[in-house]
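Data first, discussion second: the structure below is written as structure tokens.
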Amino acid sequence: MPGESHPPKSSTPLAGLGRCAAWVLLLVAATAAILPLYWMTTGSLKLQSDAMKTPPEWFPENPTTANYEKLFGGEDGGAWEGRRPAARWLLNSLLVAASISFSAVLTSALAGYALGKLSFPGRAVAFWLVVATMMLPRQVSLIPLYLLVVGFDWMDSYPGLIAPFLCYPFGIFLVRQFMMQVPDELLAAARIDGAGPWRVFWHIVLPMSRPALGAVAIFSFMGAWNEYLWQLIVTNRPEMYTLPVGVSKLVSTLSEFDLGLAMAGATVAFLPMLAVFVMFQKYFVQGVSVGALKG
Amino acid sequence: MSSVRLESVSKHFGDVVAVDEIELEVEDRELLVLVGPSGCGKSTTLRMIAGLEQPTAGTISIGGRDVTDVDAMDRNIAMVFQNYALYPHMNVFRNMAFGLQMRKVAREEVRTRVTEAARSLGIDGLLERRPAQLSGGERQRVALGRAIVRDPEVFLLDEPLSNLDAKLRVSMRSELVNLRRGLGATMVYVTHDQVEAMTMGDRIVVMHQGRIHQVGPPQQVYFKPANRFVAEFIGNPPMNIIRGRIENDSDRPVLVAGEARIPLSGELGQAASKVVEVDFGVRPEDLRLDEADGEVQATVKGTQFLGSEYLVDLDLGGPQLLARIEGHGEFGIDQPCRVAVDLSRAHLFDPETGDRL
Ligand SMILES: Nc1ncnc2c1ncn2[C@@H]1O[C@H](COP(=O)(O)OP(=O)(O)OP(=O)(O)O)[C@@H](O)[C@H]1O
Ligand SMILES: [Mg+2]
């Protein structure tokens with residue numbers, strides 16, 4: 001493959017030492033990051049009695065799927081009888097996050113193109129307005145949004161969960177910065193080749209912005225998945241809960257705190273994110289280092 | 001018919017006057033070269049012909065059709081950019097095919113036209129590659145190929161060779177000339193390199209500060225520059241210019257500058273008789289070191305050996321001149337010598353307006 005480069009081999013012992021230190025540091029950091037996840041996943045496979053043991057049990061001695069059965073509406077101790085609530089919650093979460101992510105990519109791409117590559121009066125003002133909304137703390141818009149959703153009669157509905165997040169200001173910002181680096185000559189060349197603004201967008205700008213759009217897809221998906229507060233506010237009926245809301249309510253309604261069940265819920269909530277991240281990881285890394293558009 | 005016509009076209013960017021009321025006619029099948037120093041408005045002129053820039057005033061027509069308000073996508077032109085502007089996410093084939101696809105040309109025909117153009121440019125082996133996997137020269141060919149497949153009315157080229165190394169530039173230059181002869185196409189070619197302009201152009205347009213200073217065949221621009229700017233810009237090394245006074249020496253006008261006295265005669269003498277202050281211009285190759293005929297006293301200040309010729313710095317007792325002397329010779333530094341000036345090739349310019357007298 002052209003463009004692939006190999007790092008120079010460390011020749012001196014000192015350089016080797018530095019390399020060693022870097023590895024150790026990375027190992028420590030990685031362990032610190034992974035340990036809670038390990039504790040969560042293994043905890044979800046333990047019985048309540050094993051989970052609360054001191055000293056802690058580092059490896060589940062009696063692994064069990066009981067927590068997951070409970071979560072997905074098994075007979076014994078199922079929270080809402082006759083249903084499989086966690087499955088529904090998972091679906092709700094996926095549907096909400098996927099819709100938001102899709103819409104965020106679409107609107108960011110369109111707005112980013114307009115703000116980054118088309119010239120029209122008021123462009124600068126529009127851009128700064130978008131940036132300004134990024135500065136607003138979430139809490140400020142919570143009550144107005146709530147009133148709006150109540151007004152539309154969207155409580156306990158998918159529109160209520162999704163609509164406030166159809167546009168993603170940070171995504172617009174990211175995509176605009178990225179698209180600005182697409183050289184104007186390229187767009188001029190496409191125009192001369194007979195492409196109108198839409199085709200220039202579709203055939204040139206969009207494919208060249210894939211890294212940024214991938215990053216927007218991930219960021220918005222993660223944001224939507226973790227939008228706990230809003231989802232808590234607009235849902236009252238259990239079948240409209242999202243996974244984080246459902247799990248927390250399930251755990252808190254039980255008479256006795258069930259650590260294993262909480263861990264299982266957290267694990268189920270975590271896995272889709274992991275999947276999305278692995279799938280789009282390439283774009284994620286490229287998107288974070290916005291720039292470096294090679295000609 | 002694919003002539004191009006610009007009628008009192010101007011382009012302002014805010015307060016900047018990039019192009020100032022230019023009149024220009026590119027004839028059918030002509031290669032017209034726009035040349036001038038950086039920032040003189042060459043690219044802006046080309047971009048207006050392309051439809052990428054809307055003129056502030058004036059009209060542009062292509063092939064007799066007024067296209068002033070026609071968008072770039074609907075003008076049947078092709079453009080080659082200085083940095084090639086290849087689509088980085090498409091391979092060479094798709095880069096070349098894009099323009100045809102946008103114009104809804106049938107699939108089979110796209111394939112034949114692209115392969116044909118690629119073969120004529122010697123890039124038929126690269127069709128699967130991405131631009132990032134090509135050398136500068138290969139990218140250049142792809143950019144040309146992308147223009148050729150379109151079979152446009154007019155080709156516009158903006159410094160297409162300036163990113164190539166010197167050797168490749170010379171070979172691409174002649175290749176481009178041959179290619180164009182085969183296509184029989186109308187071309188407008190922008191460059192800041194006067195050698196490129198001289199060697200390639202049917203006619204040359206010399207621009208400076210948004211204005212056209214002279215239009216004509218290379219020989220005319222070289223031998224009969226319209227003004228001092230053109231005289232100095234075209235030619236390498238540039239023309240010597242001496243500011244001086246005209247005095248009359250026994251019926252014969254003489255240019256006096258410092259201690260130098262250059263007798264003028266012929267046409268030059270007649271022109272000189274009407275003025276007092278004047279800029280005298282003579283090209284380095286129109287000076288000879290000649291003990292017998294030389295009428296001007298000078299001192300050799302230095303020499304540069306170029307192989308087939310020498311560049312000799314001369315001091316005329318005030319004014320400095322550069323002479324280009326063919327063949328081999330011995331030049332004693334700081335030695336006096338006599339210089340003969342080929343007056344039939346020298347020029348006088350008005351010191352105020354710069355116009356040739
Ligand atoms: N988009 C623009 N906005 C403002 N000024 C511009 C713009 N484009 C060009 N100019 C100005 O117009 C003038 C002519 O520019 P132009 O690009 O035509 O020069 P050029 O002859 O092509 O120079 P070069 O040889 O450096 O490419 C310059 O002074 C330039 O600064
Ligand atoms: Mg230019």
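As the structure is a computational prediction, the values presented were derived from the model and not from experiment.
Distance check, rounded to the nearest 0.5 Å: OH of B/Tyr87 to NE2 of A/His203 gives 10.5 Å.
Residues of residues 188-198 of chain A lying under 4.5 angstrom from chain B, judged on non-hydrogen atoms, are A/Ala188, A/Ala189, A/Ala190, A/Arg191, A/Ile192, A/Asp193, A/Gly194, A/Ala195, A/Gly196 in numerical order.
Interface remark: of the candidates B/Arg146, B/Met90, B/Gln101, B/Arg146 forms the most heavy-atom pairs closer than 4.5 Å to chain A. The choice from B/Met79, B/Gln82, B/His89 that makes the most heavy-atom pairs within less than 4.5 Å of chain A is B/His89.
Residues A/Leu186 and B/Phe81 are not in side-chain contact: their nearest non-hydrogen atoms beyond the backbone lie 4.5 Å or more apart.
Neither the backbone nor the side chain of B/Asn76 comes within contact range of chain A, judged by heavy atoms closer than 4.5 Å. In this structure, chain A has no heavy atom under 4.5 Å from any part of B/Asp74.
Taking a 6.0 Å sphere around CZ of A/Phe102, one finds it holds 12 or fewer heavy atoms contributed by other residues, nucleotides or ligands. In B/Arg103, the CZ atom is crowded: over 12 heavy atoms of neighbouring residues, nucleotides or ligands sit closer than 6.0 Å.
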